[in-house]
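Below is one structure, written out as structure tokens, with a few remarks after it.
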Number of protein chains: 2
Amino acid sequence: MLKIEFLGSGNAAGVPVWGCRCSACLQAQTDPAKRRRSASLAIHTGEGVTLVDAGLTDLAERFSFDSVKRVLLTHFHMDHVQGLFHLRWSEEARQIPVFRPDDPLGADDLYKHPGVFQFQPPFKPFDSVEWPGFRVVALPLIHSRETFGYLISNGDYCMAYLTDTAGFPAETLSYLQRYPVDDLVLDCSEPPRESMPRNHNDLNTALDLWRHSGATRLWLTHISHRLDCWLEHSAATLPEGVHIARDGMLFEIEGVVELDNDT
Amino acid sequence: MLKIEFLGSGNAAGVPVWGCRCSACLQAQTDPAKRRRSASLAIHTGEGVTLVDAGLTDLAERFSFDSVKRVLLTHFHMDHVQGLFHLRWSEEARQIPVFRPDDPLGADDLYKHPGVFQFQPPFKPFDSVEWPGFRVVALPLIHSRETFGYLISNGDYCMAYLTDTAGFPAETLSYLQRYPVDDLVLDCSEPPRESMPRNHNDLNTALDLWRHSGATRLWLTHISHRLDCWLEHSAATLPEGVHIARDGMLFEIEGVVELDNDT
Ligand SMILES: [Mn+2]
Ligand SMILES: [Mn+2]
Ligand SMILES: [Mn+2]
Ligand SMILES: [Mn+2]
Ligand SMILES: [Zn+2]
Ligand SMILES: [Zn+2]
């Protein structure tokens, strides 16, 4: 059993943006299905839950302590780690391992007071690790601080979850080209721009990266209200195979190879 | 019109604590009225809302952008500022002033990317400022980083909101003794201890400070699950005049002197 749940598909501001009266934000205010919280995943297996980023601040209400086996961080921006500040004060004896890029600052006082979290030695580029039910490879990205995307695979299935990034390093692109990626989930914070924005992809860049990657499907994530407004009128013009992520979206992976569960 | 709303009455872990099966946490899981989020206030006047601390992460859903006139921070620990990380990305033209102690680090990258917030020159001890409907005085406290409590007064009414602290500096105590305080809202994170805990009050210390302060009533806040468990069996033994804060509690202040509202 491998299920990948999209906890959030939004950028740091989310949708609705506080105080905004644009069409996307107004719709999201009345229709919860159109809201976007911080981009993040929950990977569900028979073993339990692996959180990929922790920008949501209601994780304690969504996931029991016992169910959460580990956290996998893409980077230490607040919209990706904020939820840990509350969870860390759990007084359970079991520690929860946190996997991460090599960022000596971390976020605020999280390294100083990790509480229940146990920060693991940082991943090096292309490090891979096998957990019960799936395998992960750390792929370097291009962002304002040390950031990894993660290749999540199980048997025949492979998802590349790549946010936050502006383009790809050459080695990441060639890694993707050698690997049959079914679903490329990609930072696409902005609508098409004349030039690529700093630190994030616009739609032109995202489509370009997808075409070069050879991935079967593209899923846009880390979406801003600006992209949602643009999509309102232009989603129909997206190429075949391009999809828009939504909070709550669930991938149930078929044909899963059962691995030994050593817990 | 002056209303003081307790948005939260909990310590950094809150109640329930993630994974905890103690009596206080189990009750809070089933009864929302027993939950405690990060200690914080909303002061409502005819002008709008003044937030005292911003540890809640759903402030955008609770308060419209237009209603929030300013934020008053006691200190830069995450359980008191966390909510600002999301709100800052508002794209409204009006900036929201943030008043604060002199803490050059702030929290994570909040000073670097303040977004819609405008950090004001820090308060000095005993600085006072008058806003439409009430007056505030910054009272130095004793905590692991630069921290102010705030005296909130209007005409005949006065509340001293003092968290986080372990005891009081002598000058703060004598200031309180010279001032007729109706409601002393005080950090009481822990049940009675042999000696005062670091950075926060236990109940013995809180009762002692209250008696020395001369305040009419005492309200315990910044409460941990340990204190809630203790109170379950011992609340009846609290001295007359001592009360336990609750999330959502509302003080509607009578006899308010109308000030000119210049907005
Ligand atoms: Mn981000
Ligand atoms: Mn980022
Ligand atoms: Mn605190
Ligand atoms: Mn504190
Ligand atoms: Zn908007
Ligand atoms: Zn508990």
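Below, each value reflects all heavy atoms present in this structure, side chains not excepted, and no hydrogens, waters or symmetry copies. Residue numbering restarts at 1 for every chain, and letters A, B, ... go by the order of the sequence lines.
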Record all donor-acceptor atom pairs with a distance under 3.5 Å between chain B and chain A; write none if the list is empty.
from     : atom 1 : to       : atom 2 : distance (Å)
B/Trp18  : O      : A/Ser90  : OG     : 2.8
B/Trp18  : NE1    : A/Phe63  : O      : 2.8
B/Thr57  : OG1    : A/Thr57  : OG1    : 2.7
B/Phe63  : O      : A/Trp18  : NE1    : 2.8
B/Gln82  : O      : A/Gln82  : NE2    : 2.8
B/Gln82  : NE2    : A/Gln82  : O      : 2.8
B/Ser90  : OG     : A/Trp18  : O      : 2.8
B/Glu91  : OE1    : A/His225 : NE2    : 3.2
B/Glu91  : OE2    : A/His225 : NE2    : 3.0
B/Glu91  : OE2    : A/Arg226 : NH1    : 2.9
B/Asp108 : N      : A/Asp108 : OD1    : 2.7
B/Asp108 : OD1    : A/Asp108 : N      : 2.7
B/His225 : NE2    : A/Glu91  : OE1    : 3.2
B/His225 : NE2    : A/Glu91  : OE2    : 3.1
B/Arg226 : NH1    : A/Glu91  : OE2    : 2.9

Among [options], single out the residue with the greatest number of heavy-atom pairs under 4.5 Å to chain A.
| options | result |
| --- | --- |
| B/Gly19, B/Gly115, B/Pro16 | B/Gly19 |
| B/Leu110, B/Val17, B/Leu59 | B/Val17 |
| B/Ala107, B/Gly106, B/Ala12, B/Cys20 | B/Ala12 |

